[in-house]
Undergrad: 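Before I ask anything, here is the structure I am working with.
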There are 2 protein chains.
Amino acid sequence: MSGSGAAGRRERRDMQRNMERVLQAARELFAERGAAVTVSEVAERAGVGVGTIYRRFSSKEHLFTAVRQAACSDARLQLAAAAATTHDPVSRLGALIVALYRQSLHQAALLDSPRSGAGIPDDARHGLYPALHTLLSEAIAAGQQLGHLRPGDPAVLATLTLELLRPPAVQRISQATGDCDGAAEQVARFVLDGLRASDS
Amino acid sequence: MSGSGAAGRRERRDMQRNMERVLQAARELFAERGAAVTVSEVAERAGVGVGTIYRRFSSKEHLFTAVRQAACSDARLQLAAAAATTHDPVSRLGALIVALYRQSLHQAALLDSPRSGAGIPDDARHGLYPALHTLLSEAIAAGQQLGHLRPGDPAVLATLTLELLRPPAVQRISQATGDCDGAAEQVARFVLDGLRASDS
DNA sequence: CTGAAAACGGAACCCTGCCTCCGCTTCGGG
DNA sequence: CCCGAAGCGGAGGCAGGGTTCCGTTTTCAG
């Protein structure tokens, strides 16, 4: 055997290359237009036939899911990094919001759930929720200017904040203002102000 | 001639009745599941054949648009009424938010735009935007506790608030809290707090 | 009541998009 | 270089849903 042989047989080079192309194409197309892209389109952009895709992914759904999950965990890592730059809970919250805003803007259709079933909660949000919830709880625990919040509130606020940062919303906001980064910070300020208000 | 004759011939009774049924069925189904419903489904629920629908609406798209526009102007009227109950800008804003929240919750799929083209802004939001913008501007002009807002901000804030009140967002929020009316008011408070915060 | 114009309904048609299948090509060890 | 195995690709099967068409039924003026 030669190379990184593991068990049985090594994967053929061309196949490996093709799969990379497929994933690349799928990432781009799905990010842009979501689940509406056809399998043939992905195949065409990747420069392969549809059969090549189906040999690896048993259905379009599988391909989509795979691509989205990869994008999600990637995103989650970046967010974690962004939020870890300081110890002050409120600052961390702000950093998280700005980072999330940017991601939503760039991966719009991919991160947004295409109702993958009926009541199935989409993993993108599912993964983010705990982090946000924790951050909010910490902020409240720290008593940091978050006057009128009660222990039960984080759940609502987390949901609310996440909604505000979903791709469709973010796209519209950026479109309306024309200025991406400025918008991101304005949104963050809005949310933080909402959380911070001391008298209702 | 007998009855409300206008020009040429009067519309046949059965047709009128059928059209009412079709619109009723379409309203219900679209409100529930959006553009995903099939024309046959609408026909079946209305108790007519598909041909009957196509005689009046040249395409599914037309039917959908008609139903949605009707729902929108209806909604707009209700909102206007809700906001007119007081003179205090901030209170009006609050009332508008709560009313909008409820509407979004109940007409979810219908009020939410099914990307009717490419960059076409959906009429639902289009119709609401001016009202909200005006309200915000008034509030700022009145100098009412809205400390750090500048004249240019209403545009951003209006967009942002509308996003937060779109059907998908509202549905999730209500689902997360389990309590509809309570959630509506919590959201209103959040937004108002966000707007009202006096020091950034 | 009667006839013709209008409306009905749903079977059939077509187009689009997912997925399968099989003959051809490419890889890579001997 | 040669051969078997693995992978390739895209034509075609199949299903679902929008739209059309035409024989039948309903309405209503005379």
Undergrad: dA7(C) C1' sits how many Å from E20(B) CD, rounded?
TA: 16 Å
Undergrad: Out of dC19(C), dT20(D), dC28(D), which nucleotide sits closest to the side chain of Y54(A)?
TA: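 Given the options dC19(C), dT20(D), dC28(D), the side chain of Y54(A) is closest to dC19(C).
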Undergrad: Given atom CE of M19(B) and atom C1' of dG9(C), what is their separation to the nearest angstrom?
TA: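 The answer, rounded to whole Å, is 12 Å.
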Undergrad: Which one of V50(B), T38(B), V39(B) satisfies the side chain to side chain contact (heavy atoms under 4.5 Å, CB included) criterion with K60(B)?
TA: V39(B)
Undergrad: Starting at CZ of R21(B) and ending at C1' of dA7(C), how long is that distance when rounded to a whole Å?
TA: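 To the nearest whole Å, that distance equals 14 Å.
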Undergrad: Output the rounded distance in Å from CZ (R56(A)) to P (dG9(D)).
TA: 14 Å
Undergrad: Quickly work out the L63(B) CG to dT19(D) C1' distance and round it to whole Å.
TA: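 Going from CG in L63(B) over to C1' in dT19(D) covers 14 Å.
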Undergrad: Answer yes or no: does a side-chain N or O of N18(B) lie under 4.0 Å from OP1 or OP2 of dA7(C)?
TA: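 It does not, given that no N or O in the side chain of N18(B) lies less than 4.0 Å from OP1 or OP2 of dA7(C).
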Undergrad: Report yes if at least one side-chain N or O of R55(A) is closer than 4.0 Å to OP1 or OP2 of dC8(D); otherwise report no.
TA: yes
Undergrad: Which whole-number value in Å describes the distance from H62(B) NE2 to dG18(D) P?
TA: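 After rounding, the gap between these two atoms is 16 Å.
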Undergrad: When you measure from the side chain of M15(B), which nucleotide among dA7(C), dG18(D), dG28(C) comes out closest?
TA: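 Of all the options, the side chain of M15(B) is nearest to dA7(C).
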Undergrad: Heavy-atom nearest nucleotide on DNA chain D for G51(B) versus R17(B): which residue maps closer to 5'?
TA: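 The residue whose closest nucleotide sits nearer the 5' end is G51(B).
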Undergrad: From the list dT20(C), dG17(D), dC18(C), which nucleotide is the closest neighbour of the side chain of T38(B)?
TA: dG17(D)
Undergrad: Is it the case that the side chain of S73(B) and the backbone of Q69(B) share a donor-acceptor pair, with hydrogens and angles ignored and the cut-off at 3.5 Å?
TA: yes
Undergrad: Expressed as a whole number of angstroms, how long is the span from R13(B):CZ to dT25(D):P?
TA: 24 Å
Undergrad: Closest-nucleotide mapping onto DNA chain C: is K60(A) or G47(B) further toward the 5' terminus? I mean the 5' end.
TA: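 This one resolves to G47(B).
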Undergrad: Which of these nucleotides, dC28(D), dC19(C), dG10(C), is closest to any side-chain atom of V50(A)?
TA: dC19(C)
Undergrad: Compare side-chain N and O positions of T52(A) against OP1 and OP2 of dG7(D) and report whether any pair is under 4.0 Å apart.
TA: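 No.
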Undergrad: Checking all strands, does S59(A) fall into the base, sugar-phosphate, or nothing category for heavy-atom contacts under 4.0 angstrom?
TA: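 The answer is sugar-phosphate, as S59(A) gets under 4.0 Å only of primed atoms, P, OP1 or OP2.
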Undergrad: Examine the base of dA6(C) for any acceptor or donor lying under 3.5 Å from a partner atom in the side chain of R12(B), and report the outcome as yes or no.
TA: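 Donor-acceptor pair under 3.5 Å: yes.
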Undergrad: In a check of side chain to side chain contact (heavy atoms under 4.5 Å, CB included) between V42(B) and each of L23(B), V37(B), V48(B), which one passes?
TA: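 With V42(B) as partner, side chain to side chain contact (heavy atoms under 4.5 Å, CB included) holds for just one option, V37(B).
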Undergrad: Between F57(A) and M19(A), what is the shortest heavy-atom contact and its length?
TA: CE1-SD, 4.2 Å
Undergrad: Please state how far atom CD in E11(A) lies from atom C1' in dA5(D), giving the value in whole angstrom units.
TA: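 Spelled out: CD on E11(A) to C1' on dA5(D) is 15 Å.
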Undergrad: Would you name the heavy atoms of L29(A) and R45(A) that are closest together and state the gap between them?
TA: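 Taking every non-hydrogen atom into account, CD2-NH2, 3.5 Å.
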